[in-house]
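Data block below; observations after.
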Amino acid sequence: MTFFKLSSCILLLALTACSTTTISPVNAVQTPSINPKPVAPNATTNVAAQAQAQDLPKPTRPKRKEANVVVDNAALALQPSRELQLEEENTEDIQKVPTPAKATEKIEKTEAVVVAEENVNLSPIFDVLTSSSAVAPLSPPVDLWDRIRRGYAMPDLDNNLVRDREQWYSSRPDYMFRMTERSRKYLFHIVEELEMRSMPSELALLPFIESAFNPQAVSGAKAAGIWQFMPATGKYFELKQNVFRDDRRDVLASTRAALDYLQKLHRMFGDWHLALAAYNWGEGNVSRAIRNKKQAGLPYSYEDINMPMETRLYVPKLQAVKNIVLNPGAFQSRLPLIENHPYFQSVTLRRDIDVVVAARLAEITVEDFKALNPSIHRPVILAAGTPQILLPWDNAEVFQSNLESFGGGRLASWTVWIAPVTMNPAEAARRVGMAEADFRSINNIPNRVVIKAGSSLLVPRGMHMTHDVTEKVADNGQISLAAEMVSKRITVRAGRKDTVASIAAKYKVTPAQVAQWNKLGKSASFKPGQRIVVVTQVSAVTASKQQANKNTAKVLAKASNKNQAKAKVKSNNKVKTKVAQAAKGKKTSSNKIAAKKSAKNKTAAASKSKSSGTKLAKK
């Protein structure tokens with residue numbers, strides 16, 4: 001029994017000694033069975049060692065990651081302290097103290113977890129990931145030209161045609177300056193629209209090529225406005241064209257339509273140069289040129305396809321202007337300063353107003369007003385059709401203020417009158433109380449025409465008229481004209497089986513008229529070759545031309561007769577001269593013969609006399 005107790009005490013002391021040696025404060029832990037990885041700051045060294053083993057550049061840990069390392073180190077330092085606290089709390093109850101093996105295993109697991117977490121948080125970060133590309137300082141554009149340069153996105157074209165156009169533009173600096181000066185009213189709005197659509201900013205320079213930024217420009221093919229829309233293309237893109245306005249010249253509407261069209265062409269061809277060629281030449285023509293090249297197995301880029309010379313120079317012109325804007329000094333050119341802010345703003349109209357009145361209320365000249373509102377080509381603005389006008393930025397507020405305080409009478413002195421029937425301009429002018437010349441001038445009516453029923457005509461507005469022109473008339477008003485017809489009396493020959501009825505049908509008159517003109521019955525028949533009188537209606541222009549041709553023929557005939565008479569007289573004179581000369585020659589010849597005979601006689605007489613003298617001498 002005593003031996004048993006002694007053995008138990010010895011065993012207890014041994015276990016206590018083992019436990020004290022194994023579970024110790026963290027600074028004194030010696031665990032030969034594990035090799036824990038060092039923690040911060042040595043954790044960075046561990047990552048660097050891994051990077052070196054992989055022949056990778058040594059990483060630099062961001063500060064945010066260092067903060068995470070500190071937190072992890074604190075958690076790691078607290079973990080052994082909890083183990084120590086557990087040991088102190090259980091010294092009284094020896095059965096709860098873990099065995100050395102279990103204690104060692106727990107420490108290994110704890111350190112392994114910490115190291116694993118640390119490896120996750122401190123994974124190698126290489127220079128490729130940490131280095132960021134240099135970011136250019138964000139500064140606003142110096143001016144609008146700078147803004148355009150920053151948005152260049154089209155591929156450059158570099159060939160001899162570009163060099164030729166560069167030389168052409170740079171040799172005309174005054175022309176370039178006037179053209180760019182004219183663009184200041186519209187360029188900011190175009191650039192804004194391009195950026196909203198993420199389109200290349202050099203397309204803002206396209207009106208330089210199309211129209212030199214002249215909104216009133218009209219080509220020989222009837223293209224109009226700064227974007228040069230043809231009438232049919234303008235209608236396709238919903239640009240109104242009527243007697244009161246032409247939206248192909250409108251700055252806002254035509255720019256919207258032009259960018260819509262260019263986007264459509266770019267989607268169609270997938271190339272900006274081909275899209276521009278189609279804008280100039282037509283999408284159908286470009287498509288056929290590409291198809292021909294494809295069928296021949298040849299390249300079909302912009303520089304490869306066949307096209308007219310005008311289209312061939314189209315993109316080089318734009319490229320040349322683009323290069324000059326990019327570096328004007330290199331081409332001895334100068335660009336006017338155009339600030340990077342709007343030039344104009346739109347103002348809503350609620351009543352019809354004269355152009356002169358609107359310009360006066362805005363305190364600008366009529367010329368400046370028309371430059372911003374070029375689609376209005378009548379002296380009055382119809383609010384139902386043109387609900388907005390453009391004014392210089394600072395003058396828009398002035399216009400609103402002056403309009404609110406306006407007390408000078410009517411805003412509009414013109415209105416629209418619809419012709420009830422077809423009539424000539426003189427009759428229409430009489431009905432509306434205008435002089436015919438003024439009526440023709442304000443409505444652009446030429447000579448020798450009649451106004452067809454339903455035409456919308458501009459006439460003076462009555463003093464007591466309060467209602468404005470309706471939207472239907474303002475949007476769809478047109479003037480329809482027809483050639484003025486006049487009566488012309490002609491004589492024709494009757495054919496076989498011709499009757500009064502057949503002649504009337506042929507010349508689109510009634511049988512009664514044919515019968516009256518020829519003093520016959522309606523059922524009468526004509527003999528073959530009989531002369532028939534017919535009065536037809538022909539246009540005044542045709543009649544005038546025919547009469548002019550007749551007069552010309554008469555003059556020519558008279559001149560011809562006169563020339564013939566002169567020629568005849570001249571010929572007669574020549575004949576007389578020849579006769580006289582012949583007579584004179586004959587007389588001269590007779591005299592010569594007589595002289596010869598006389599000389600011969602004298603010679604004979606002399607010879608005879610000589611012979612007689614000789615004979616006498618011999619005798």
Side-chain angles (χ1 to χ4, degrees), residues 140-194 200-220 223-228 249 251 254-255 258 272-273 276-277 279-280 302 309-344 364-365 367-368 370-372 374 392-393:
V142 177
D143 54 18
L144 193 58
W145 301 115
D146 185 30
R147 183 177 177 182
I148 292 173
R149 295 182 195 110
R150 296 185 185 192
Y152 282 178
M154 286 172 53
D156 286 331
L157 187 68
D158 189 6
N159 57 31
N160 291 334
L161 292 178
V162 176
R163 303 285 83 78
D164 176 75
R165 294 299 90 188
E166 287 175 344
Q167 194 277 333
W168 192 93
Y169 285 119
S170 61
S171 64
R172 295 164 174 80
D174 293 338
Y175 168 75
M176 282 293 296
F177 186 82
R178 289 195 307 271
M179 186 168 59
T180 50
E181 177 68 25
R182 196 159 49 230
S183 72
R184 70 167 60 248
K185 296 180 176 66
Y186 322 108
L187 203 54
F188 180 89
H189 172 73
I190 297 173
V191 173
E192 286 274 294
E193 291 295 313
L194 287 169
S201 65
E202 52 263 59
L203 292 175
L205 308 176
L206 194 59
F208 284 121
I209 314 305
E210 286 288 346
S211 62
F213 267 102
N214 180 6
Q216 300 294 348
V218 180
S219 72
I226 61 174
W227 295 99
Q228 288 292 283
R249 294 185 174 93
V251 178
S254 66
T255 299
W272 277 115
H273 291 163
L276 289 169
Y279 188 89
N280 174 259
Y302 168 78
M309 195 59 191
E310 177 188 346
T311 307
R312 178 66 68 198
L313 285 170
Y314 191 67
V315 176
K317 285 180 181 180
L318 179 62
Q319 183 68 52
V321 174
K322 172 183 174 180
N323 294 344
I324 293 173
V325 170
L326 181 65
N327 188 4
F331 299 93
Q332 293 77 47
S333 299
R334 59 192 179 100
L335 302 176
L337 175 63
I338 302 180
E339 300 290 348
N340 186 31
H341 60 68
Y343 182 88
F344 60 77
I364 60 175
T365 64
E367 290 73 20
D368 288 341
K370 289 182 176 180
L372 286 177
W393 189 268

Intermediate values then yes/no, side chain to side chain donor-acceptor pair (under 3.5 Å), Q228 and Y279 = CA-CA 10 Å; Q228 288 292 283; Y279 188 89; over 6 Å; no
Report the C-alpha separation of L203 and M154 in whole Å, then their side-chain angles, then the decisive distance to 0.1 Å, and conclude whether the side chain to side chain contact (heavy atoms under 4.5 Å, CB included) test is met.
-> CA-CA 9 Å; L203 292 175; M154 286 172 53; 4.0 Å; yes
For L326 and Y152, run side chain to side chain contact (heavy atoms under 4.5 Å, CB included): C-alpha distance rounded to whole Å, both residues' side-chain angles, the deciding distance at 0.1 Å, then the answer.
-> CA-CA 9 Å; L326 181 65; Y152 282 178; 4.0 Å; yes
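Put simply, the side chain of R334 never gets that close to the backbone of F177: no donor and acceptor are under 3.5 Å apart.
Residues I148 and L187 have side chains in contact (heavy-atom distance under 4.5 Å, counting atoms from C-beta outward). Residues H341 and D143 have side chains not in contact (no heavy-atom distance under 4.5 Å, counting atoms from C-beta outward). When side chains are defined from C-beta on, L372 counts as touching P392, because their heavy atoms get closer than 4.5 Å. For the pair P200 and W272, the minimum side-chain heavy-atom distance is below 4.5 Å. Proximity of F331 to N323: side-chain heavy atoms (C-beta onward) are separated by under 4.5 Å at one or more points.
With sequence neighbours excluded, the residues satisfying side-chain hydrogen bond (donor to acceptor under 3.5 Å, both in side chains) with R163 are D158, E166. Remark: E192 engages R147 in a side-chain hydrogen bond (donor to acceptor under 3.5 Å, both in side chains) (not counting sequence neighbours). Partners of T255 under the side-chain hydrogen bond (donor to acceptor under 3.5 Å, both in side chains) rule, at least two apart in sequence or in another chain, are W227. Considering only residues two or more places apart in sequence or on other chains, Q167 meets the side-chain hydrogen bond (donor to acceptor under 3.5 Å, both in side chains) condition with none of them. Partners of F344 according to the ring-ring contact (aromatic ring centres under 6.0 Å, His included) rule, which considers only residues two or more places apart in sequence or in another chain, are H189.
Atom-to-atom distance recorded for T180:OG1 and Y175:OH is 10.5 Å, nearest 0.5 angstrom. Here the straight-line distance linking atom CG of N214 with atom CD1 of I226 works out to 10.0 Å at 0.5 Å rounding. Rounded to the nearest 0.5 angstrom, L144 CG and E339 CD are separated by 9.5 Å. Summarising the geometry, atom OG belonging to S333 is positioned 11.5 Å from atom CZ belonging to R172; distances are rounded to the nearest 0.5 Å. Expressed to the nearest 0.5 Å, how far CZ of R165 lies from CG of N159 amounts to 11.5 Å. Q332 contributes atom CD, which lies 10.0 Å from atom CD1 of I324 (distance to the nearest 0.5 angstrom).
Closest approach of H273 to L157, counting heavy atoms only: CE1-CB, 4.1 Å. Among all heavy-atom pairs drawn from L161 and M309, the shortest one is CD2-CE, 4.3 Å. What you find for A371 and P215 is that their closest heavy atoms are O-CG, 4.2 Å. The two residues F208 and M179 come nearest to each other via the heavy atoms CD2-CG, 3.2 Å. When all heavy atoms of L276 and L318 are compared, the closest pair comes out as CD1-CD2, 3.6 Å. Heavy-atom minimum distance, I190 versus P207: CD1-CG, 4.3 Å.
At least one test fails for R184 against the ring of Y343: distance under 6.0 Å to the centre or angle within 45° of the axis.
Between R150 and D146, at least one side-chain N (NZ, or NE/NH1/NH2) sits under 4.0 Å from a carboxylate O, which counts as a salt bridge.
Using cut-offs of 30° and 60° for the angle between ring planes, the Y186 and F213 rings count as parallel.
Applying the salt bridge (charged side-chain N to carboxylate O under 4.0 Å, His left out) rule to pairs touching residues 318-328 yields D156-K322, E202-K322, sequence neighbours excluded.
Counted within 6.0 Å of CG on N160, heavy atoms from surrounding residues, nucleotides or ligands total 12 or fewer; the atom is thus considered open.
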